[in-house]
2 protein chains.
Amino acid sequence: MYTNLKYNEMASETLENLTKGAFLTVKDQERLNTMIIGWGNIGVIWRKPIFTVLVRYSRWTYQLLEATKEFTVSIPVKDNLKKAVAFCGTYSGREYDKFKECSLTAEPAQLLQTPIVGECGLYYECKVVYQQAMEPALLNDEIRRSAYPEGDYHVLYYGEIVACYRKEIK
Amino acid sequence: MYTNLKYNEMASETLENLTKGAFLTVKDQERLNTMIIGWGNIGVIWRKPIFTVLVRYSRWTYQLLEATKEFTVSIPVKDNLKKAVAFCGTYSGREYDKFKECSLTAEPAQLLQTPIVGECGLYYECKVVYQQAMEPALLNDEIRRSAYPEGDYHVLYYGEIVACYRKEIK
């Protein structure tokens with residue numbers, strides 16, 4: 001059912017699809033949420049495959065991630081999830097059960113207790129090994145103005161990729 | 001002579017080759033140096049293609065990079081540079097002109113004043129848009145022990161990829 005891959009094999013496809021919106025999912029005990037990311041970095045640091053994601057302090061995901069320190073990234077590879085991406089990128093998990101609202105399937109992950117979004121096709125499971133809140137003064141001025149007009153900076157989470165795989169989507 | 005590419009098209013090939021050693025080159029006025037990196041992250045952040053590299057405080061490259069805030073990454077795609085990678089990964093640019101010692105060609109970059117290593121094959125030109133020194137307390141314990149037994153932590157440099165391209169190597 002799943003095809004396991006080396007982290008680098010799907011890097012190009014991941015980055016091509018990531019900017020269209022991917023699901024960053026976190027689960028702390030019974031509290032499950034998914035948010036949309038359009039940014040991320042993939043590579044190898046500290047001899048480990050790493051997926052870096054950015055989460056703003058204001059997000060519900062930030063609170064859950066601080067509790068669990070693990071996340072999954074589910075990347076749509078077809079056009080079947082545009083409405084779900086729009087909804088999950090607009091509303092907060094504090095107010096909506098996004099899986100229910102968008103008829104998304106929370107499928108078990110291979111190694112984490114956090115689920116993946118079954119309908120996507122490309123998956124990463126990550127355990128946070130480093131994190132750091134952004135230091136605004138060190139950021140390029142133009143980026144600071146365009147990406148953070150109201151502050152609300154990101155925390156950078158460096159997740160060790162413990163599994164990555166592909167699933168055929170019909 | 002050069003084939004220009006979108007940043008994501010060469011991500012998989014880049015990551016596959018990066019762990020074997022790539023040349024991180026910096027040039028501040030007449031001071032030119034190249035060092036070997038085996039770690040790095042590629043992706044998109046702040047709506048920009050980003051290559052993240054790590055440089056320890058102790059490196060000559062750190063001093064040059066702080067002066068210029070730009071760098072090139074030259075990635076060997078064949079086995080022609082193993083000796084050069086070994087030399088440049090062992091000795092400091094404070095003591096050796098590595099280009100001369102290893103008969104490497106400092107070819108002009110497309111957009112930066114920092115050159116590339118002509119013999120490599122895959123290239124990124126990057127302008128630093130964000131940087132941050134690592135915060136040791138936030139790092140996973142096992143990684144801290146294995147990667148930083150003597151301290152000397154890394155500074156993370158987030159370079160906007162302003163050009164990426166390929167060149168045929170004979």
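Letters go in sequence order (proteins before strands), and every chain restarts at 1.
- If you measure heavy-atom distances from A:Leu54 to chain B, the contacts under 4.5 Å come from the side chain alone.
- Using a 4.5 Å cut-off between heavy atoms, A:Met134 touches chain B through backbone and side chain atoms alike.
- Within the model, atoms CG of B:Leu15 and NZ of A:Lys6 stand 10.0 Å from one another, a figure rounded to the nearest 0.5 Å.
- Environment of NZ in A:Lys127: sparse, with no more than 12 heavy atoms of neighbouring residues, nucleotides or ligands closer than 6.0 Å.
- Closest of all the heavy-atom pairs between B:Gln131 and A:Leu138 is O-CD1, 3.1 Å.
- Residue A:Ala137: no heavy atom, backbone or side chain, is found under 4.5 Å from chain B.
- Under the 4.5 Å side-chain heavy-atom criterion for Ile, Leu, Val, Met, Phe, Trp and Tyr, B:Val117 and B:Leu5 are members of distinct hydrophobic clusters.
- Two different hydrophobic clusters hold B:Met10 and B:Ile45 under the rule that ILVMFWY side chains link at heavy-atom gaps under 4.5 Å.
- Here the closest non-hydrogen pair linking A:Ala11 and B:Ser12 is N-OG, 3.4 Å.
- Closest heavy-atom contact between A:Trp46 and B:Tyr148: NE1-OH, 2.8 Å.
- Grouping the Ile, Leu, Val, Met, Phe, Trp and Tyr side chains by contacts below 4.5 angstrom, directly or via other members, places B:Phe71 with B:Tyr57.
- If you measure heavy-atom distances from A:Ile37 to chain B, you find no contacts under 4.5 Å at all.
- Heavy-atom pairs under 4.5 Å with chain A were tallied for B:Asp141, B:Val129, B:Leu18; the largest tally goes to B:Val129.
- Once rounded to the nearest 0.5 Å, the distance linking CD of B:Glu13 with CG of A:Asn8 reads 10.5 Å.
- Within the 4.5 angstrom heavy-atom criterion, atoms from both the backbone and the side chain of A:Ile50 approach chain B.
- The two atoms that bring A:Tyr158 and B:Leu156 nearest to each other are OH-CD1, 3.7 Å, heavy atoms only.
- Hydrophobic clustering places A:Ile36 together with A:Leu81 (ILVMFWY residues linked when any side-chain heavy atoms are closer than 4.5 Å, directly or through intermediates).
- Interface residue A:Gln132: backbone and side-chain heavy atoms are both found under 4.5 Å from chain B.
- Hydrophobic clustering of Ile, Leu, Val, Met, Phe, Trp and Tyr side chains at less than 4.5 Å, counting indirect connections, unites A:Tyr62 with A:Leu24.
- One finds the OG1 atom of B:Thr14 at 12.0 Å from the CD1 atom of A:Ile42 (value rounded to the nearest 0.5 Å).
- Note that the CD1 atom of A:Ile143 and the CZ atom of B:Arg47 stand 10.0 Å from one another [nearest 0.5 Å].
- Here the CG-CD distance, from A:Asn140 to B:Glu160, works out to 7.5 Å after rounding to the nearest 0.5 Å.
- If you measure heavy-atom distances from A:Glu142 to chain B, the contacts under 4.5 Å come from the side chain alone.
- For a residue to count as touching a neighbouring chain, one of its non-hydrogen atoms must lie under 4.5 Å from one of that chain's; by this rule A:Lys48 touches chain B with the side chain only.
- Residues B:Asn41 and A:Val44 come closest through the heavy atom pair OD1-N, 3.6 Å.
- If you measure heavy-atom distances from A:Arg144 to chain B, you find no contacts under 4.5 Å at all.
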